[in-house]
2 protein chains.
Amino acid sequence: MSPTPTNTDVFTAIAEPKRREIVSLLAKRGPLPVGTMVDLTGLAQSSVSKHLGVLHDVGMVSVDRQGKQRIYKLEANSLKTVFEWVKEFESHWDHQLARIKAKAEQRAKSLRESN
Amino acid sequence: MSPTPTNTDVFTAIAEPKRREIVSLLAKRGPLPVGTMVDLTGLAQSSVSKHLGVLHDVGMVSVDRQGKQRIYKLEANSLKTVFEWVKEFESHWDHQLARIKAKAEQRAKSLRESN
DNA sequence: TGAACATATTCCGTTAACGGAATATGTCAA
DNA sequence: TTGACATATTCCGTTAACGGAATATGTTCA
């Protein structure tokens with residue numbers, strides 16, 4: 001299928017493991033030319049180019065032509081969308097933490113009282 | 001393609017808009033039977049079932065049989081993976097915020113001095 | 001102008017995902 | 001046990017994504 005989520009949103013973009021790898025790469029090492037990423041990922045040059053194309057379309061990277069090279073740079077803002085979405089659920093797992101914490105305190109209390 | 005990311009990880013699971021909708025639904029309204037989600041999403045029953053299947057395989061929801069119904073519940077922990085991944089890039093957009101902030105302060109300062 | 005280089009684009013084969021309709025499975029209630 | 005109900009599974013058609021090889025495009029330098 002795929003009539004719906006054509007590679008046009010950040011969520012789909014980061015679904016691809018290799019793409020996530022590329023993004024991490026750019027985050028860790030700063031702006032990078034395509035060739036370097038080809039080396040580091042072990043993918044074919046065409047594949048890397050295409051992945052970068054997707055990331056670019058979605059606004060996750062920007063390009064800077066420098067002579068023959070094209071330097072890709074991470075546009076981290078684009079990830080805020082995802083961050084914000086996931087963040088909404090933080091409370092749900094905090095609930096659990098809270099419950100665990102409460103339980104632990106309960107235990108500590110009854111332990112204290114049993115002395 | 002897809003030899004790589006068969007719907008087996010959370011990132012792929014949340015790439016699907018309808019699936020995200022379902023997840024949000026479960027977060028907002030708590031555990032829900034399939035039928036309700038069919039109504040709320042406007043998808044065919046089979047589709048919803050299948051999406052829930054994916055979410056379940058990935059550990060994002062758990063099921064509880066109650067009579068004829070199956071109550072699906074969000075397992076928010078599963079989203080931590082995503083949260084943590086995205087979080088790594090937080091500093092990168094904070095940088096920008098910092099820069100903007102600095103610039104704003106700069107401006108305020110020179111404004112003060114020009115008085 | 002023509003090599004050499006870096007990258008994008010095209011081409012092609014393969015595969016899995018999706019949607020919906022139809023059907024199977026399981027559960028309750030009479 | 002039969003029927004109604006809730007949900008899962010199967011079937012089928014359609015489509016887009018991926019990978020890599022080959023090729024096109026653009027840039028630099030002699």
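By convention in this document, chain letters (A, B, ...) are assigned in the order of the sequence lines, proteins followed by strands, and residues within each chain are numbered from 1. All values reported here derive from a predicted model rather than from experimental measurement.
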Rounded interatomic separation in angstrom, taking [atom1] from [X] and [atom2] from [N]:
X: Asp57(B); N: dT9(D); atom1: CG; atom2: P; answer: 10 Å
X: Leu52(A); N: dG19(D); atom1: CG; atom2: P; answer: 12 Å
X: Leu32(B); N: dT7(D); atom1: CG; atom2: P; answer: 10 Å
X: Met37(A); N: dA8(C); atom1: CE; atom2: C1'; answer: 13 Å
X: Asp39(B); N: dA6(D); atom1: CG; atom2: P; answer: 10 Å
X: Gln69(B); N: dC5(D); atom1: CD; atom2: P; answer: 13 Å
X: Ile22(A); N: dT7(C); atom1: CD1; atom2: P; answer: 13 Å
X: Leu43(A); N: dG20(D); atom1: CG; atom2: P; answer: 6 Å

In terms of side-chain heavy atoms of [X], which of [options] is nearest?
X: Lys18(B); options: dA8(D), dG19(C), dG20(D); result: dG19(C)
X: Glu16(B); options: dG19(C), dA8(D), dT7(C); result: dG19(C)
X: Lys68(B); options: dG19(C), dT7(D), dA6(D); result: dA6(D)
X: Val34(A); options: dG19(D), dT7(C), dA8(D); result: dT7(C)
X: Arg70(B); options: dA8(D), dG19(C), dT7(C); result: dA8(D)

Apply side-chain contact (heavy atoms from CB on, under 4.5 Å) to Arg29(A) and Leu40(A), showing your working. CA-CA 11 Å; Arg29(A) 327 216 344 188; Leu40(A) 293 173; 3.7 Å; yes

Quiz item: [X] side-chain donor-acceptor pair to [N] base, under 3.5 Å:
X: Gln45(A); N: dA8(C); answer: yes
X: Ser46(A); N: dA21(D); answer: yes
X: Lys50(A); N: dG20(D); answer: yes

In terms of ring plane angle, is the pair Phe89(B) and Trp85(B) parallel, tilted or perpendicular, where the classes change at 30° and 60°? perpendicular

Arg70(B) side chain to Asp64(B) main-chain N or O, any donor-acceptor pair under 3.5 Å?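 No; zero donor-acceptor contacts below 3.5 Å.
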
Could you walk me through whether Met37(A) and Leu52(A) pass the side-chain contact (heavy atoms from CB on, under 4.5 Å) check? CA-CA 10 Å; Met37(A) 304 194 239; Leu52(A) 287 169; 3.9 Å; yes

Determine: side-chain N/O of His51(B) to OP1/OP2 of dG19(C), distance under 4.0 Å, yes or no.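 Yes, because at least one side-chain N or O of His51(B) sits under 4.0 Å from OP1 or OP2 of dG19(C).
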
Ignoring backbone atoms, establish whether Tyr72(A) has a side-chain N or O less than 4.0 Å from OP1 or OP2 of dA6(C).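 No, no such contact exists.
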
Is the shortest distance from a Lys or Arg side-chain nitrogen in Lys18(B) or Glu21(B) to a carboxylate oxygen in the other one below 4.0 Å? yes

